[in-house]
Undergrad: 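Have a look at this one.
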Protein chains: 2
Amino acid sequence: MTTVSEPAPRTPKAEQTRRAIVDAAMRLFREGGYDRTTMRAIADEAGVSLGNAYYYFSSKEHLIQAYYGLVLEQHAAAASVVLAEETAFAARLRGVLSAWLDVAAPYQEFAGKFFKNAAEPSSPLSPFSPESAGPREESIALYRQVVEGSDLKVAKALREELPELLWLLQMGVVLFWVYDASEGQRRTRTLVDGVAPMVDRLARMTRLPVVRGVVDDLVGLLHTLRAG
Amino acid sequence: MTTVSEPAPRTPKAEQTRRAIVDAAMRLFREGGYDRTTMRAIADEAGVSLGNAYYYFSSKEHLIQAYYGLVLEQHAAAASVVLAEETAFAARLRGVLSAWLDVAAPYQEFAGKFFKNAAEPSSPLSPFSPESAGPREESIALYRQVVEGSDLKVAKALREELPELLWLLQMGVVLFWVYDASEGQRRTRTLVDGVAPMVDRLARMTRLPVVRGVVDDLVGLLHTLRAG
DNA sequence: GTCTATAGTGGGATAGAC
DNA sequence: GTCTATCCCACTATAGAC
């Protein structure tokens, strides 16, 4: 269950108002886009005053959180289907990444806005912030499943780091996707389809003696950074 | 020479005014932060009218772009010192990345705000935007020098792609740096010191027959993506 | 082409009464 | 929790000086 650190409203009435605002926002965002939708219009559409809208969402950007939580939830669901079906590592990785693209597709425009928010280090919405620790852990756990349920043989030192590295890979894919203006984000699909088998090959290669040295360096660096 | 696609001012007087505005903005941004610095205050500080400030910079964001251009300029200068001294690839890479950290250090806190605005795909500040094409090419050219002036032997197919990949690496380092709250951004230093020799080892490894397959896949993928 | 002065508008965000 | 009234500021418009 993904709750994105929005405080749970106390009374049923509050919940209802909150819902009305979120729904109105989603509707208007979809129709007219984020920038051209004003907080005043959202409040009107929801049948509340402007001030009241701000009582529930302390900024326009906070409304985007609603989308984010939705996507995370749906991604976990879609990914679990893939993970139940596939055992080959490359297929599992490709499937989970693709699932993200499927789920997030309708929200591509808002992803940009969300990124804008997330990019600020001090923001609680940042994927690296303490407030995001829960959702982040969930995503990493997803990639732990990708590895553990698979046929992948990989250098032992790397195996424990892999889920977090794959999560980072997803962040990279998402970044690419956010900037992908091709129709249907076709280019990101190409990226995922190409990257998954490549990561598979690379990962298996880590057991070769020549390559293992670099892997040890990498793992060592990760540990140092985590400590520091 | 870094011209950030801002139209080059024709007269010396114009250049002077432009400079005054940028300088004032940088000063105020550093003192009070981006959000709390108004365009009026910038215009006042620069001794020009508000309208004149907008004559030179069509939005507040465009001012940041000018700042970014300054950092790029200084980076190019600092990097050229390193490139004149070192021939070993790892040292050149580490030096150029470190030079960026040196140059950008005074602005680290401000960089968060910058990133917030740059992260949005539609923003002209985005490193992938058409407006940033010039600076982007210059940065990539810097990494072309890193490769070409070095002792690096690398799979031929990869050699041409390497500058752009190294530029991407820098983007990653910058991202890490923006989030790095350790004093003096010590952790990012550690990252750079660790990553440079690792990239060196990896790059040399690409000539091994086992590894070359993956490299070809990578290069193929890059070409596909670029075409698409 | 460079610059000033002034007077807007729109919309995000807030204060404080109820 | 909800409102109304208001603030603030990015940005625009205009008209005119040199």
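A note on names: the letters A, B, ... follow the listed sequences, proteins ahead of strands, and every chain is numbered from 1. In what follows, every heavy atom counts, from backbone to side chain, and hydrogens, waters and symmetry copies are set aside.
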Undergrad: Would you list the protein and nucleotides 9-12 of chain C atom pairs, both N or O, that sit under 3.5 Å from each other?
TA:
| residue | atom | partner | partner atom | Å |
| --- | --- | --- | --- | --- |
| C:dG12 | OP1 | A:Lys60 | NZ | 3.1 |
| C:dG12 | OP2 | A:Met39 | N | 2.7 |
| C:dG12 | N7 | A:Arg40 | NH1 | 2.7 |
| C:dG12 | O6 | A:Arg40 | NH2 | 2.8 |

Undergrad: Run the salt-bridge test on B:Arg189 and B:Asp102 with the 4.0 Å N-O cut-off and return the result as yes or no.
TA: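 Counted as a salt bridge, because a side-chain N and a carboxylate O are separated by less than 4.0 Å.
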Undergrad: Looking at B:Tyr54, does the NZ or CZ of B:Lys60 lie under 6.0 angstrom from its six-membered ring centre and within 45 degrees of the ring axis?
TA: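 No, B:Lys60 and B:Tyr54 do not form such a contact.
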Undergrad: Closest to the A:Asn52 side chain: C:dT4, C:dT2, D:dT2?
TA: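 The listed nucleotide nearest to A:Asn52's side chain is D:dT2.
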Undergrad: Please check: side-chain N/O of B:Arg19 versus main-chain N/O of B:Ala14, any donor-acceptor pairing under 3.5 Å?
TA: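 Side chain of B:Arg19 to backbone of B:Ala14, a donor-acceptor pair under 3.5 Å: no, none is there.
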Undergrad: Would you indicate, yes or no, if D:dG1 has its OP1 or OP2 atom less than 4.0 angstrom from a side-chain nitrogen or oxygen of A:Thr17?
TA: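 Checking A:Thr17 against D:dG1: no side-chain N or O falls below 4.0 Å of OP1 or OP2.
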Undergrad: Looking only at the side chain of B:Ala14 (C-beta and beyond, no hydrogens), which of the listed nucleotides C:dT2, C:dT4, D:dG1 gets closest?
TA: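 Shortest atom-to-atom distance from the side chain points to C:dT2.
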Undergrad: Is the shortest side-chain N to carboxylate O distance from B:Asp23 to B:Arg18 below 4.0 Å?
TA: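 So B:Asp23 does not pair with B:Arg18 through a salt bridge.
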Undergrad: Give the rounded distance in Å between these two atoms: CZ of A:Phe57 and P of C:dT14.
TA: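 After rounding, the gap between these two atoms is 15 Å.
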Undergrad: Atom OH of A:Tyr56 to atom C1' of D:dC3: distance rounded to whole Å?
TA: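 The distance from OH of A:Tyr56 to C1' of D:dC3 comes to 13 Å, rounded to the nearest Å.
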Undergrad: Is the distance between the ring centroids of A:Tyr107 and A:Tyr68 less than 6.0 Å?
TA: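 Distance test on ring centres: not under 6.0 Å, no.
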Undergrad: For B:Glu164, is there an ion pair with B:Arg226 - N to carboxylate O distance below 4.0 angstrom?
TA: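 Yes.
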Undergrad: OP1 or OP2 of C:dC3 less than 4.0 angstrom from a side-chain nitrogen or oxygen of B:Tyr55, does that happen here?
TA: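 Answer is no, no contact under 4.0 Å.
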Undergrad: If I take atom CG in residue A:Leu63 and atom C1' in nucleotide C:dA13, what distance separates them, rounded to the nearest angstrom?
TA: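 Between C1' of C:dA13 and CG of A:Leu63: 13 Å.
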